[in-house]
There are 2 protein chains.
Amino acid sequence: MATKVKVLGFWCSPFVFRVVWALKLKGVEFEYIEEDVFNKSTRLLELNPVHKKVPVLVHDDKVIVDSFVILEYIDETWPQDPLLPRDPYERAMARFWAKFADEKLMQTACKSTWTKGEEKEDALKATMEALEKIEGELKGKSYFGGENKYAYLEIAIGWINYLIPIWEEIASIQFLDPKRFPAITAWKSKFLDNPLIKETLPPREKLLIYFHERVKHWEIDATIRELAETKLEN
Amino acid sequence: MATKVKVLGFWCSPFVFRVVWALKLKGVEFEYIEEDVFNKSTRLLELNPVHKKVPVLVHDDKVIVDSFVILEYIDETWPQDPLLPRDPYERAMARFWAKFADEKLMQTACKSTWTKGEEKEDALKATMEALEKIEGELKGKSYFGGENKYAYLEIAIGWINYLIPIWEEIASIQFLDPKRFPAITAWKSKFLDNPLIKETLPPREKLLIYFHERVKHWEIDATIRELAETKLEN
(Lines give C-alpha, C1' and ligand atoms only; values in the text may rest on other atoms or scores of the structure.)
Protein backbone atom coordinates (compact mmCIF):
# COMPACT_ATOMS: atom_id res chain seq x y z
CA MET A 1 0.00 0.00 0.00
CA ALA A 2 1.39 3.37 -0.98
CA THR A 3 2.01 5.83 1.80
CA LYS A 4 -0.27 8.84 1.81
CA VAL A 5 0.90 12.20 3.07
CA LYS A 6 -1.26 15.29 3.34
CA VAL A 7 -0.54 18.77 4.65
CA LEU A 8 -3.29 21.11 5.74
CA GLY A 9 -1.96 24.63 5.37
CA PHE A 10 -2.54 28.30 4.82
CA TRP A 11 -0.79 29.96 1.88
CA CYS A 12 1.36 32.49 3.77
CA SER A 13 1.87 30.80 7.15
CA PRO A 14 5.53 30.55 8.20
CA PHE A 15 4.64 27.49 10.27
CA VAL A 16 3.22 25.73 7.23
CA PHE A 17 6.19 26.63 5.03
CA ARG A 18 8.55 24.80 7.39
CA VAL A 19 6.64 21.60 6.87
CA VAL A 20 6.30 22.06 3.10
CA TRP A 21 10.02 22.82 2.68
CA ALA A 22 11.06 19.82 4.79
CA LEU A 23 8.90 17.39 2.78
CA LYS A 24 10.01 18.83 -0.55
CA LEU A 25 13.70 18.68 0.19
CA LYS A 26 13.37 15.08 1.31
CA GLY A 27 11.45 14.26 -1.84
CA VAL A 28 8.34 13.11 -0.01
CA GLU A 29 5.26 13.43 -2.20
CA PHE A 30 2.29 14.98 -0.51
CA GLU A 31 -1.11 16.45 -1.15
CA TYR A 32 -1.44 20.07 -0.04
CA ILE A 33 -4.85 21.15 1.21
CA GLU A 34 -5.46 24.87 1.62
CA GLU A 35 -7.48 25.77 4.70
CA ASP A 36 -9.38 29.00 5.25
CA VAL A 37 -8.06 30.00 8.68
CA PHE A 38 -10.79 32.64 8.98
CA ASN A 39 -13.50 30.07 8.47
CA LYS A 40 -12.19 26.76 9.72
CA SER A 41 -13.36 23.60 8.03
CA THR A 42 -14.83 20.59 9.81
CA ARG A 43 -11.82 18.69 8.50
CA LEU A 44 -9.38 21.00 10.29
CA LEU A 45 -11.41 21.00 13.51
CA GLU A 46 -11.59 17.22 13.48
CA LEU A 47 -7.93 16.67 12.68
CA ASN A 48 -6.60 19.25 15.15
CA PRO A 49 -9.28 19.49 17.84
CA VAL A 50 -6.80 20.69 20.48
CA HIS A 51 -5.31 23.74 18.76
CA LYS A 52 -7.55 24.06 15.66
CA LYS A 53 -4.62 25.38 13.65
CA VAL A 54 -2.47 24.66 10.63
CA PRO A 55 -0.15 23.01 9.81
CA VAL A 56 -1.51 19.52 10.21
CA LEU A 57 0.44 16.58 8.79
CA VAL A 58 -1.54 13.48 7.97
CA HIS A 59 0.62 10.42 7.30
CA ASP A 60 -1.62 7.46 6.47
CA ASP A 61 -3.80 7.25 9.61
CA LYS A 62 -1.46 9.29 11.80
CA VAL A 63 -2.11 12.96 12.50
CA ILE A 64 0.65 15.24 13.75
CA VAL A 65 0.32 18.92 14.63
CA ASP A 66 2.68 21.67 15.80
CA SER A 67 5.26 22.57 13.17
CA PHE A 68 8.35 21.83 15.29
CA VAL A 69 6.93 18.46 16.34
CA ILE A 70 6.15 17.78 12.67
CA LEU A 71 9.71 18.67 11.59
CA GLU A 72 11.16 16.12 14.04
CA TYR A 73 8.63 13.54 12.85
CA ILE A 74 9.55 14.13 9.21
CA ASP A 75 13.26 13.86 9.98
CA GLU A 76 12.80 10.59 11.87
CA THR A 77 10.36 9.04 9.39
CA TRP A 78 12.24 9.96 6.21
CA PRO A 79 15.88 10.01 7.32
CA GLN A 80 17.32 10.87 3.87
CA ASP A 81 18.91 14.34 3.69
CA PRO A 82 18.82 14.81 7.47
CA LEU A 83 17.56 18.14 8.73
CA LEU A 84 19.07 17.98 12.19
CA PRO A 85 22.81 17.55 12.60
CA ARG A 86 24.13 14.31 14.13
CA ASP A 87 25.92 15.75 17.12
CA PRO A 88 23.65 16.10 20.20
CA TYR A 89 25.02 19.54 21.07
CA GLU A 90 24.56 20.86 17.53
CA ARG A 91 21.04 19.42 17.52
CA ALA A 92 20.35 21.24 20.78
CA MET A 93 21.62 24.49 19.32
CA ALA A 94 19.47 24.12 16.19
CA ARG A 95 16.37 23.48 18.33
CA PHE A 96 17.24 26.36 20.60
CA TRP A 97 17.65 28.97 17.85
CA ALA A 98 14.54 27.79 16.02
CA LYS A 99 12.45 28.41 19.15
CA PHE A 100 14.30 31.64 19.86
CA ALA A 101 13.39 33.11 16.48
CA ASP A 102 9.72 32.23 16.95
CA GLU A 103 9.50 33.49 20.50
CA LYS A 104 11.79 36.50 20.42
CA LEU A 105 11.78 37.71 16.83
CA MET A 106 8.49 36.82 15.16
CA GLN A 107 6.49 38.22 18.03
CA THR A 108 8.41 41.48 18.31
CA ALA A 109 8.78 42.11 14.56
CA CYS A 110 5.04 41.60 14.22
CA LYS A 111 4.34 44.02 17.05
CA SER A 112 6.73 46.57 15.55
CA THR A 113 4.67 46.43 12.37
CA TRP A 114 1.17 46.40 13.85
CA THR A 115 1.31 48.60 16.94
CA LYS A 116 1.91 52.29 17.58
CA GLY A 117 3.65 54.63 20.01
CA GLU A 118 5.53 53.24 22.98
CA GLU A 119 4.46 49.66 22.30
CA LYS A 120 5.95 49.94 18.80
CA GLU A 121 9.19 51.43 20.13
CA ASP A 122 9.63 48.69 22.72
CA ALA A 123 8.88 46.02 20.14
CA LEU A 124 11.34 47.53 17.70
CA LYS A 125 14.08 47.56 20.32
CA ALA A 126 13.39 43.91 21.14
CA THR A 127 13.36 43.03 17.42
CA MET A 128 16.79 44.55 16.95
CA GLU A 129 18.14 42.70 19.97
CA ALA A 130 16.82 39.41 18.64
CA LEU A 131 18.27 40.08 15.18
CA GLU A 132 21.64 40.88 16.76
CA LYS A 133 21.67 37.54 18.55
CA ILE A 134 20.83 35.73 15.31
CA GLU A 135 23.47 37.74 13.42
CA GLY A 136 26.00 36.68 16.05
CA GLU A 137 25.06 33.04 15.59
CA LEU A 138 25.33 33.20 11.79
CA LYS A 139 28.49 35.32 11.57
CA GLY A 140 31.32 33.63 9.73
CA LYS A 141 29.10 30.91 8.28
CA SER A 142 27.25 30.58 4.96
CA TYR A 143 24.31 28.86 6.59
CA PHE A 144 23.35 28.11 10.16
CA GLY A 145 24.14 24.48 9.46
CA GLY A 146 27.63 25.36 8.12
CA GLU A 147 27.63 24.42 4.44
CA ASN A 148 24.31 22.58 4.55
CA LYS A 149 21.80 24.88 2.94
CA TYR A 150 18.93 22.59 3.85
CA ALA A 151 19.63 22.20 7.55
CA TYR A 152 16.92 22.22 10.21
CA LEU A 153 17.53 25.81 11.17
CA GLU A 154 17.25 27.11 7.60
CA ILE A 155 13.86 25.45 7.31
CA ALA A 156 12.79 26.50 10.78
CA ILE A 157 13.67 30.19 10.56
CA GLY A 158 13.63 30.71 6.81
CA TRP A 159 10.39 32.67 7.34
CA ILE A 160 12.57 35.63 8.30
CA ASN A 161 13.64 35.96 4.68
CA TYR A 162 10.23 36.31 3.10
CA LEU A 163 8.14 37.85 5.90
CA ILE A 164 10.47 40.47 7.37
CA PRO A 165 10.86 42.30 4.01
CA ILE A 166 7.06 42.45 3.64
CA TRP A 167 6.60 43.79 7.16
CA GLU A 168 9.42 46.28 6.54
CA GLU A 169 7.54 47.68 3.58
CA ILE A 170 4.21 47.80 5.36
CA ALA A 171 5.58 49.48 8.47
CA SER A 172 8.13 51.64 6.62
CA ILE A 173 10.76 50.32 9.01
CA GLN A 174 14.10 48.86 8.04
CA PHE A 175 14.60 45.90 10.32
CA LEU A 176 17.44 44.36 8.31
CA ASP A 177 19.98 47.10 7.66
CA PRO A 178 22.63 45.27 5.57
CA LYS A 179 25.44 47.15 7.32
CA ARG A 180 24.24 46.14 10.74
CA PHE A 181 23.27 42.61 9.75
CA PRO A 182 25.63 41.53 6.94
CA ALA A 183 25.46 37.81 7.74
CA ILE A 184 21.65 37.68 7.78
CA THR A 185 21.50 39.82 4.62
CA ALA A 186 23.84 37.49 2.72
CA TRP A 187 21.98 34.42 4.01
CA LYS A 188 18.65 35.93 2.98
CA SER A 189 19.76 36.36 -0.65
CA LYS A 190 21.03 32.79 -0.87
CA PHE A 191 17.90 31.47 0.77
CA LEU A 192 15.52 33.31 -1.56
CA ASP A 193 17.58 32.26 -4.61
CA ASN A 194 17.21 28.62 -3.74
CA PRO A 195 14.92 27.03 -6.39
CA LEU A 196 13.13 24.88 -3.83
CA ILE A 197 12.22 27.95 -1.80
CA LYS A 198 11.43 30.08 -4.85
CA GLU A 199 8.90 27.65 -6.23
CA THR A 200 6.94 27.55 -2.98
CA LEU A 201 6.76 31.18 -1.94
CA PRO A 202 3.74 33.26 -2.95
CA PRO A 203 4.33 36.36 -5.09
CA ARG A 204 5.54 39.37 -3.11
CA GLU A 205 2.61 41.41 -4.43
CA LYS A 206 0.10 38.94 -3.02
CA LEU A 207 1.77 39.00 0.38
CA LEU A 208 1.82 42.80 0.39
CA ILE A 209 -1.87 43.03 -0.47
CA TYR A 210 -2.74 40.49 2.19
CA PHE A 211 -0.78 42.14 5.00
CA HIS A 212 -1.79 45.67 3.89
CA GLU A 213 -5.39 44.56 4.10
CA ARG A 214 -4.78 43.32 7.62
CA VAL A 215 -3.29 46.63 8.67
CA LYS A 216 -5.99 48.64 6.93
CA HIS A 217 -8.69 46.93 8.89
CA TRP A 218 -6.47 47.10 11.95
CA GLU A 219 -7.91 43.76 12.69
CA ILE A 220 -5.62 41.78 14.92
CA ASP A 221 -7.19 38.77 13.31
CA ALA A 222 -6.53 35.11 13.88
CA THR A 223 -3.46 34.85 11.69
CA ILE A 224 -1.81 37.95 13.04
CA ARG A 225 -2.55 36.91 16.57
CA GLU A 226 -1.03 33.55 15.86
CA LEU A 227 2.06 35.20 14.49
CA ALA A 228 2.25 37.60 17.40
CA GLU A 229 1.81 35.00 20.06
CA THR A 230 3.94 32.27 18.48
CA LYS A 231 3.03 30.05 21.33
CA LEU A 232 1.22 27.06 20.03
CA GLU A 233 1.21 26.39 16.36
CA ASN A 234 4.90 26.20 15.76
CA MET B 1 39.15 12.96 31.52
CA ALA B 2 35.99 12.50 33.51
CA THR B 3 32.90 14.16 32.16
CA LYS B 4 31.57 17.02 34.23
CA VAL B 5 27.87 17.78 34.41
CA LYS B 6 26.32 20.71 36.26
CA VAL B 7 22.75 21.88 36.57
CA LEU B 8 21.86 25.42 37.54
CA GLY B 9 18.44 25.31 39.13
CA PHE B 10 15.86 26.76 41.46
CA TRP B 11 14.48 24.50 44.19
CA CYS B 12 10.80 24.46 43.18
CA SER B 13 10.96 25.06 39.41
CA PRO B 14 9.06 22.49 37.37
CA PHE B 15 11.40 23.18 34.45
CA VAL B 16 14.41 22.31 36.58
CA PHE B 17 12.86 19.13 37.98
CA ARG B 18 12.50 17.73 34.50
CA VAL B 19 16.22 17.95 33.97
CA VAL B 20 17.10 16.64 37.43
CA TRP B 21 14.76 13.65 37.06
CA ALA B 22 16.09 12.80 33.60
CA LEU B 23 19.72 12.82 34.76
CA LYS B 24 18.95 10.82 37.89
CA LEU B 25 17.04 8.11 36.14
CA LYS B 26 19.83 7.70 33.62
CA GLY B 27 22.35 7.50 36.44
CA VAL B 28 24.30 10.55 35.25
CA GLU B 29 26.21 12.15 38.13
CA PHE B 30 25.94 15.90 38.29
CA GLU B 31 26.58 18.86 40.49
CA TYR B 32 23.47 20.84 41.36
CA ILE B 33 23.91 24.59 41.81
CA GLU B 34 21.04 26.51 43.37
CA GLU B 35 20.42 29.92 41.80
CA ASP B 36 18.55 32.80 43.38
CA VAL B 37 16.08 33.65 40.62
CA PHE B 38 15.20 36.90 42.38
CA ASN B 39 18.80 38.03 42.40
CA LYS B 40 20.48 36.46 39.42
CA SER B 41 24.15 35.57 39.68
CA THR B 42 26.83 36.60 37.21
CA ARG B 43 27.29 32.90 36.55
CA LEU B 44 23.66 32.50 35.43
CA LEU B 45 23.73 35.67 33.34
CA GLU B 46 26.92 34.55 31.63
CA LEU B 47 25.79 30.99 31.00
CA ASN B 48 22.31 31.93 29.77
CA PRO B 49 22.66 35.46 28.39
CA VAL B 50 19.70 35.05 26.05
CA HIS B 51 16.94 34.03 28.47
CA LYS B 52 18.69 34.52 31.85
CA LYS B 53 16.74 31.62 33.30
CA VAL B 54 17.13 28.22 34.88
CA PRO B 55 17.57 25.38 34.13
CA VAL B 56 21.00 25.52 32.55
CA LEU B 57 22.84 22.29 31.80
CA VAL B 58 26.63 22.49 31.60
CA HIS B 59 28.25 19.41 30.11
CA ASP B 60 32.03 19.88 30.06
CA ASP B 61 32.36 23.05 27.98
CA LYS B 62 28.90 22.85 26.43
CA VAL B 63 26.02 24.92 27.75
CA ILE B 64 22.42 23.99 26.97
CA VAL B 65 19.32 25.90 28.05
CA ASP B 66 15.56 25.42 27.67
CA SER B 67 14.30 22.40 29.55
CA PHE B 68 12.76 20.60 26.55
CA VAL B 69 15.92 21.12 24.51
CA ILE B 70 17.93 19.83 27.47
CA LEU B 71 15.74 16.70 27.76
CA GLU B 72 16.41 15.82 24.11
CA TYR B 73 20.13 16.47 24.63
CA ILE B 74 20.22 14.21 27.68
CA ASP B 75 18.38 11.45 25.84
CA GLU B 76 20.74 11.65 22.88
CA THR B 77 23.95 11.95 24.92
CA TRP B 78 23.17 9.23 27.47
CA PRO B 79 21.02 6.79 25.52
CA GLN B 80 20.59 4.27 28.38
CA ASP B 81 17.02 4.03 29.70
CA PRO B 82 15.59 6.04 26.78
CA LEU B 83 13.10 8.76 27.65
CA LEU B 84 11.50 9.09 24.25
CA PRO B 85 9.87 6.06 22.62
CA ARG B 86 11.43 4.63 19.45
CA ASP B 87 8.52 5.04 17.11
CA PRO B 88 8.47 8.45 15.37
CA TYR B 89 4.72 8.88 15.86
CA GLU B 90 4.89 8.03 19.56
CA ARG B 91 7.81 10.44 19.91
CA ALA B 92 5.73 13.14 18.23
CA MET B 93 2.84 12.48 20.61
CA ALA B 94 5.12 12.67 23.67
CA ARG B 95 6.56 15.99 22.49
CA PHE B 96 3.11 17.31 21.68
CA TRP B 97 1.57 16.53 25.09
CA ALA B 98 4.60 17.84 26.96
CA LYS B 99 4.21 21.21 25.23
CA PHE B 100 0.45 21.09 25.61
CA ALA B 101 0.67 20.75 29.40
CA ASP B 102 3.07 23.69 29.65
CA GLU B 103 1.13 25.93 27.34
CA LYS B 104 -2.45 25.02 28.15
CA LEU B 105 -2.41 23.74 31.71
CA MET B 106 0.43 25.38 33.64
CA GLN B 107 -0.56 28.84 32.46
CA THR B 108 -4.26 28.45 33.21
CA ALA B 109 -3.87 26.61 36.54
CA CYS B 110 -1.50 29.36 37.64
CA LYS B 111 -3.96 32.04 36.61
CA SER B 112 -6.80 30.23 38.37
CA THR B 113 -4.74 30.38 41.55
CA TRP B 114 -3.42 33.93 41.30
CA THR B 115 -6.19 35.97 39.72
CA LYS B 116 -9.71 36.99 40.73
CA GLY B 117 -13.17 37.49 39.28
CA GLU B 118 -13.82 36.88 35.62
CA GLU B 119 -10.18 36.25 34.82
CA LYS B 120 -10.13 33.49 37.44
CA GLU B 121 -13.34 31.94 36.11
CA ASP B 122 -12.06 31.89 32.53
CA ALA B 123 -8.74 30.42 33.65
CA LEU B 124 -10.49 27.76 35.70
CA LYS B 125 -12.63 26.75 32.76
CA ALA B 126 -9.54 26.48 30.54
CA THR B 127 -7.72 24.49 33.25
CA MET B 128 -10.54 21.96 33.37
CA GLU B 129 -10.56 21.67 29.59
CA ALA B 130 -6.81 21.03 29.55
CA LEU B 131 -7.09 18.45 32.33
CA GLU B 132 -9.86 16.70 30.43
CA LYS B 133 -7.65 16.41 27.36
CA ILE B 134 -4.83 14.97 29.46
CA GLU B 135 -7.23 12.60 31.22
CA GLY B 136 -8.39 11.39 27.81
CA GLU B 137 -4.80 10.75 26.74
CA LEU B 138 -3.97 8.79 29.91
CA LYS B 139 -7.21 6.81 30.18
CA GLY B 140 -6.68 3.05 30.12
CA LYS B 141 -2.93 3.30 30.68
CA SER B 142 -0.79 3.16 33.83
CA TYR B 143 1.61 5.76 32.52
CA PHE B 144 1.64 7.99 29.46
CA GLY B 145 4.42 5.80 28.12
CA GLY B 146 2.37 2.62 28.61
CA GLU B 147 4.20 0.57 31.23
CA ASN B 148 7.33 2.73 31.26
CA LYS B 149 7.17 4.79 34.42
CA TYR B 150 10.20 6.82 33.41
CA ALA B 151 9.10 7.85 29.94
CA TYR B 152 9.66 11.33 28.51
CA LEU B 153 6.14 12.46 29.21
CA GLU B 154 6.24 11.45 32.89
CA ILE B 155 9.37 13.54 33.33
CA ALA B 156 8.03 16.40 31.23
CA ILE B 157 4.64 16.78 32.88
CA GLY B 158 5.33 15.24 36.28
CA TRP B 159 5.16 18.80 37.70
CA ILE B 160 1.38 18.43 37.64
CA ASN B 161 1.62 15.97 40.51
CA TYR B 162 3.48 18.15 42.98
CA LEU B 163 2.44 21.67 41.96
CA ILE B 164 -1.28 21.31 41.28
CA PRO B 165 -2.00 20.03 44.84
CA ILE B 166 -0.13 23.02 46.29
CA TRP B 167 -2.02 25.49 44.12
CA GLU B 168 -5.28 23.70 45.00
CA GLU B 169 -4.65 24.32 48.68
CA ILE B 170 -3.60 27.93 48.20
CA ALA B 171 -6.54 28.81 45.97
CA SER B 172 -9.05 26.57 47.81
CA ILE B 173 -9.98 25.09 44.44
CA GLN B 174 -10.15 21.42 43.59
CA PHE B 175 -8.62 21.10 40.17
CA LEU B 176 -8.21 17.35 40.31
CA ASP B 177 -11.51 15.85 41.40
CA PRO B 178 -10.72 12.10 41.53
CA LYS B 179 -14.17 11.25 40.16
CA ARG B 180 -13.74 13.51 37.17
CA PHE B 181 -10.06 12.66 36.62
CA PRO B 182 -9.55 9.06 37.78
CA ALA B 183 -6.64 8.32 35.41
CA ILE B 184 -4.64 11.42 36.42
CA THR B 185 -5.41 10.77 40.11
CA ALA B 186 -4.12 7.19 39.92
CA TRP B 187 -1.07 8.32 37.94
CA LYS B 188 -0.34 11.06 40.48
CA SER B 189 -0.20 8.59 43.39
CA LYS B 190 2.14 6.25 41.53
CA PHE B 191 4.33 9.17 40.45
CA LEU B 192 4.67 10.62 43.94
CA ASP B 193 5.37 7.17 45.42
CA ASN B 194 8.29 6.67 43.08
CA PRO B 195 11.49 6.76 45.21
CA LEU B 196 13.42 8.74 42.58
CA ILE B 197 10.76 11.44 42.58
CA LYS B 198 10.27 11.37 46.36
CA GLU B 199 13.92 12.01 47.12
CA THR B 200 14.06 15.10 44.90
CA LEU B 201 10.83 16.93 45.77
CA PRO B 202 10.93 19.62 48.46
CA PRO B 203 8.71 19.13 51.53
CA ARG B 204 5.08 20.07 50.94
CA GLU B 205 5.23 22.51 53.85
CA LYS B 206 8.09 24.43 52.24
CA LEU B 207 6.24 24.68 48.92
CA LEU B 208 3.10 25.90 50.69
CA ILE B 209 4.99 28.58 52.60
CA TYR B 210 6.74 29.72 49.43
CA PHE B 211 3.61 29.98 47.30
CA HIS B 212 1.54 31.45 50.17
CA GLU B 213 4.18 34.13 50.53
CA ARG B 214 3.87 34.89 46.83
CA VAL B 215 0.11 35.23 47.07
CA LYS B 216 0.30 37.28 50.26
CA HIS B 217 2.47 39.86 48.62
CA TRP B 218 0.37 39.53 45.50
CA GLU B 219 3.59 39.92 43.71
CA ILE B 220 3.43 38.46 40.26
CA ASP B 221 7.14 37.99 40.59
CA ALA B 222 9.63 36.52 38.18
CA THR B 223 8.97 32.88 38.99
CA ILE B 224 5.24 33.20 38.87
CA ARG B 225 5.42 35.12 35.65
CA GLU B 226 7.61 32.43 34.22
CA LEU B 227 5.12 29.82 35.26
CA ALA B 228 2.24 31.85 33.92
CA GLU B 229 3.82 32.60 30.60
CA THR B 230 5.36 29.18 29.98
CA LYS B 231 6.79 30.45 26.80
CA LEU B 232 10.51 30.45 26.99
CA GLU B 233 12.17 28.50 29.72
CA ASN B 234 10.72 25.11 29.08
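Side chains are part of it too, since the values below use all heavy atoms of this structure and drop only hydrogens, waters and symmetry mates. We name chains A, B, ... by the order of the sequence lines, and we start the count at 1 in each one.
- Separating the NE2 atom in His59(B) from the OH atom in Tyr89(A) is a distance of 12.0 Å, to the nearest 0.5 Å.
- Within a 6.0 Å sphere centred on CD of Gln80(A), heavy atoms belonging to other residues, nucleotides or ligands number more than 12.
- Within 6.0 Å of the NZ atom in Lys26(B), the count of heavy atoms belonging to other residues, nucleotides or ligands exceeds 12.
- Remark: Lys141(B) NZ is packed, more than 12 non-hydrogen atoms of other residues, nucleotides or ligands lying under 6.0 Å away.
- Of all heavy-atom pairs spanning Lys133(A) and Val50(B), the tightest one is CD-CG2, 3.5 Å.
- The parts of Lys62(A) that come within reach of chain B are both its backbone and its side chain, each placing non-hydrogen atoms under 4.5 angstrom from that chain.
- Summarising the local packing, CD of Glu118(B) is surrounded by 12 or fewer heavy atoms from other residues, nucleotides or ligands at distances under 6.0 Å.
- Salt bridge status for Arg91(B) with Glu76(A): present, with a side-chain N to carboxylate O gap under 4.0 Å.
- Ile70(B) CD1 to Phe96(A) CZ: the interatomic distance, rounded to the nearest 0.5 Å, is 10.5 Å.
- Distance check: Leu84(A) CG to Glu72(B) CD gives 9.0 Å after rounding to the nearest 0.5 Å.
- The aromatic rings of His51(A) and Phe100(B) sit tilted relative to each other, their planes meeting at an angle between 30° and 60°.
- Scanning all heavy atoms of the two residues, the minimum distance from Ala92(A) to Val69(B) falls at O-CG1, 3.4 Å.
- Once rounded to the nearest 0.5 Å, the distance linking CD1 of Ile64(B) with CZ of Arg95(A) reads 11.0 Å.
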